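Everything numeric in this text was worked out from a predicted model, so none of it was measured.
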Amino acid sequence: MIKKVLVANRGEIAIRVMRSCREMGIETVAVYSDVDRKAMHVRYADDAYPIGPAPSSESYLRMDKIIEVAKLSGADAIHPGYGFLSENARFAELCQKEGIIFIGPSPYAINTMGDKITARKTMIAAGVPVVPGTTEPIRDIKKAIEVIKGIGLPVMIKASAGGGGKGMRLVKREEDIVNAVSSARSEAKASFGDDAVYIEKYISSPHHIEFQVLGDQHGNIVHLFERECSVQRRHQKVVEETPSPIMTPEVRMKMGADAVAAARAVDYYGAGTIEFIVDDNLNYYFLEMNTRLQVEHPITERVVGVDLVKQQINIANGLPLEFKQEDLSQNGHAIEVRIYAEDPDNNFMPSPGIIKHITEPLGLGVRHDGYAYVGYEIPMYYDPMISKLIVWGETRKDAIARLKRALYAYKITGVKTSIPYLHRIMEVPAFIEGRYNTHFIEENQQYLQPRAVCTERCMDVAAITAFVDYITKLERLQPDKPQKHLGNNWKDFGRKRSVLRF
Ligand code: ADP
Ligand code: ADP
Ligand code: MG
């Protein structure tokens, strides 16, 4: 049985994994790059080891160093989190070879699903519907043009090794094909070291709906229902919710069964996600499988009542799943928003820097998975996600109200964040009504623009935060006369509030 886990990651996900380990009585080991010396995951773990300079290629992607630390620290297993080495079959294999348990699927499953062309072929063989398109990389551009004419424009040119929304081009006109193929190719080469691209029919006004699956090492596979992830910016998820507002019980059952079939096709064990693209008539097609824990996994945990990291560890221990499909059900509604250190009102420019103040939202039905603290400097080297805010409500309407309440209370100063932008999303009629697809953001620009003035109530909390800070300082200066100064300064404060900036 696993006694000590090295978490080969950083940020919120490293802490999230360690939390479950702690509940299970499992010790944890953190690894960190030079800029992460003071990071929260280092503080949270039982042990922590430096692994190199800030660039991830010299630290979090260094398989040799991570394995060395695992041995040195006596860790018997490695959890890769998401990103970094989580979908690297060579790393999973190396762990196996070194006698360390890789908390994740088999190298074979990672390899097969990591290559979208191979995955498409595998799904077709398993009878799972895939997006119409090709199952070979484009070699000859003339032939590609013929194939595209056969499929019918618009199409997507997609990198076989793609991930994180990279290496993808939408082509609407015949004259754009050549350029789209070459730019998708070069982006794929630069990002993934592999320039294979293929063709998929473009599904218009699509929904991105994915199914969580769990499989053990004894051939049992279940799904934990869907997540709706259609609120996207540049093919990257911004808001996720479960259940999907467009799902019906019949389609859910069919898609769930296909998700299980997809996982079974690669003898899947561990936690994984089958992503589908769904059209307005609820026709669905396999998009890809992510062979790891997903950023948005907490909404499933909340609604289905399963700790996915605990399940991953149990599966890695060789234990059979504790539940069957019929034991699982959805309870209520959960929504997650991703909070980034970026400026939504300045083209989402990354906003690294020192956190000056943070008030985390609390209260009934609120979960906050983050890693930032006052005085912490968000480094510029990694994904600028600061935290995830997850809420639960009995109904979708309750969940939205709760999320708005939590966003209202969530204050971060020092860096710009996407909090105000997320708040605006929650006010868009199409979101409130649950009528949205992946074009949601582009179609609702008018609601998502920066507001000239902060709303009165939003101003109040920020202003009070600053005022409390001011009073605290004042009390430190005048320890024996806080009352008098407090009174006077309220008045001053009232006059000055219009010029306060946050
Ligand atoms: P999710 O579906 O969980 O949101 P994403 O595709 O957004 O998955 O990726 C999750 C994390 O993994 C992000 O931090 C992203 O930057 C990173 N990531 C995804 N694909 C790759 C890849 N091929 N190489 C490196 N990092 C990746
Ligand atoms: P990644 O590996 O980068 O996550 P995906 O294949 O999962 O790439 O696609 C990411 C997003 O791009 C989808 O959620 C969807 O919004 C859009 N997309 C991908 N393929 C298509 C398609 N064939 N038609 C329409 N939209 C697509
Ligand atoms: Mg995807």
Side-chain angles (χ1 to χ4, degrees), residues 4-23 26-70 72-73 75 77-86 88 91 103 164 292-295 297-298 309 338-342 350-361 367-390 410-419:
K4 195 166 184 175
V5 171
L6 183 154
V7 181
N9 216 302
R10 63 180 303 283
E12 69 84 18
I13 193 62
I15 298 165
R16 191 266 163 267
V17 170
M18 290 176 194
R19 285 194 174 119
S20 287
C21 290
R22 203 165 275 274
E23 286 180 22
I26 295 172
E27 280 185 80
T28 54
V29 182
V31 289
Y32 61 93
S33 71
D34 292 348
V35 284
D36 274 344
R37 192 172 298 275
K38 293 183 185 161
M40 190 58 97
H41 76 283
V42 175
R43 297 182 177 189
Y44 194 92
D46 295 305
D47 296 349
Y49 292 79
I51 48 166
S56 42
S57 59
E58 295 174 51
S59 47
Y60 297 105
L61 292 172
R62 283 287 300 267
M63 306 185 206
D64 54 339
K65 285 193 185 168
I66 292 168
I67 297 276
E68 194 187 317
V69 170
L72 201 68
S73 63
I78 295 181
H79 193 300
Y82 55 69
F84 296 129
L85 296 170
S86 61
N88 187 314
F91 183 62
I103 303 176
R292 55 170 162 87
L293 197 64
Q294 203 98 347
V295 174
H297 75 277
V309 172
R338 302 184 185 196
I339 287 107
Y340 285 93
E342 62 187 18
S351 176
I354 297 176
I355 306 270
K356 286 207 188 111
H357 171 86
I358 180 163
T359 305
E360 296 180 34
R367 167 174 173 181
H368 181 246
D369 277 23
Y371 74 108
Y373 56 85
V374 173
Y376 176 70
E377 181 168 7
I378 308 222
M380 51 174 281
Y381 293 93
Y382 315 107
D383 192 299
M385 192 170 79
I386 311 175
S387 72
K388 304 182 307 203
L389 178 57
I390 303 106
Y410 198 173
K411 299 293 162 202
I412 298 180
T413 62
V415 298
K416 292 267 178 18
T417 75
S418 49
I419 294 172

- Message: Any heavy-atom pair between the side chains of Val415 and Lys356 that's under 4.5 Å?
- Response: no
- Query: Going through the distances and angles, do Thr359 and Tyr410 end up as a side chain to side chain contact (heavy atoms under 4.5 Å, CB included)?
  - Reply: CA-CA 6 Å; Thr359 305; Tyr410 198 173; over 6 Å; no
Determine all donor-acceptor pairs shorter than 3.5 Å in which one atom belongs to a side chain in residues 10-21; sequence neighbours excluded.
unit_1	atom_1	unit_2	atom_2	d
Arg10	NE	Asp36	OD2	2.6
Arg10	NH2	Asp36	OD1	3.0
Arg10	NH2	Tyr376	OH	3.4
Glu12	OE1	Lys388	NZ	3.3
Glu12	OE2	Tyr82	OH	2.5
Glu12	OE2	Lys388	NZ	3.0
Arg16	NE	His297	NE2	2.9
Arg16	NH1	Ser20	OG	2.8
Arg16	NH2	Glu301	OE1	3.3
Arg16	NH2	Glu301	OE2	2.8
Arg16	NH2	Asp307	OD1	3.0
Ser20	OG	Asp307	OD1	3.2
Ser20	OG	Asp307	OD2	2.8

- Query: Can you tell me how far CZ of Arg62 sits from CD1 of Ile67, rounded to the nearest 0.5 angstrom?
  - Reply: 12.5 Å
- Item | Point-to-point distance, once rounded to the nearest 0.5 Å, from CD1 of Ile339 to CD of Glu360 | 10.0 Å
- Which pair of non-hydrogen atoms, one from Ala75 and one from Val29, has the smallest distance, and what is that distance? CB-CG2, 4.3 Å
- Is the closest side-chain heavy-atom distance between Ile386 and Ile412 below 4.5 Å? yes
- So do Tyr371 and Ser387 actually touch side chain to side chain, heavy atoms under 4.5 Å? no
- Message: Using modelled atom types and a 3.5 Å cut-off, is there a donor and acceptor pairing between side-chain atoms of Ser86 and backbone atoms of Arg292?
- Response: no
- Query: Side-chain contact, heavy-atom cut-off 4.5 Å: Ser351 with Thr417?
  - Reply: no
- Message: Tell me whether Tyr381 contacts the main-chain N or O of Ser56 through its side chain, where contact means a donor paired with an acceptor under 3.5 Å.
- Response: no
- Note on the structure: OH of Tyr49 to NZ of Lys65, rounded to nearest 0.5 Å, is 15.5 Å
- Given side chains that start at C-beta, do those of Lys411 and His357 come closer than 4.5 Å, heavy atoms only? yes
- Query: Hey, does Tyr373 have a side-chain heavy atom less than 4.5 Å from the side chain of Met40?
  - Reply: yes
- Query: CZ of Arg37 to OH of Tyr32: how many Å apart, nearest 0.5 Å?
  - Reply: 4.5 Å
- For Glu23, enumerate each residue passing the side-chain hydrogen bond (donor to acceptor under 3.5 Å, both in side chains) test, keeping only those at least two apart in sequence or located in another chain. Lys310
- Item | Closest non-hydrogen atom pair between Ile378 and Pro352, with its separation | O-CB, 3.4 Å
- Note on the structure: All heavy atoms of Pro379 vs all of Val35, minimum pair found to be CB-CG2, 4.2 Å
- Message: For Glu58 versus Pro53, what's the shortest heavy-atom pair and its separation?
- Response: OE1-CG, 3.2 Å
- Enumerate the residue pairs fulfilling salt bridge (Lys or Arg N to Asp or Glu O under 4.0 Å) with a member in residues 47-57, sequence neighbours excluded, ordered by first and then second residue. Lys4-Asp47
- Task: Provide the closest heavy-atom pair for Pro80 versus Asn9 in the form atom of the first, atom of the second, distance.
- Result: O-ND2, 2.8 Å
- Task: Could you tell me if the ring centre of Tyr60 sits under 6.0 Å from that of Tyr382?
- Result: yes
- Message: When you measure from the side chain of Ser33 to the backbone of Ser59, do you find a donor-acceptor pair of N or O atoms at a distance under 3.5 Å?
- Response: no
- Task: Compare all side-chain heavy atoms of Ile78 with those of Ile66 and state whether any distance is below 4.5 angstrom.
- Result: yes
- Query: Should Leu6 and Val69 count as side-chain neighbours, where that means a heavy-atom distance under 4.5 Å?
  - Reply: yes
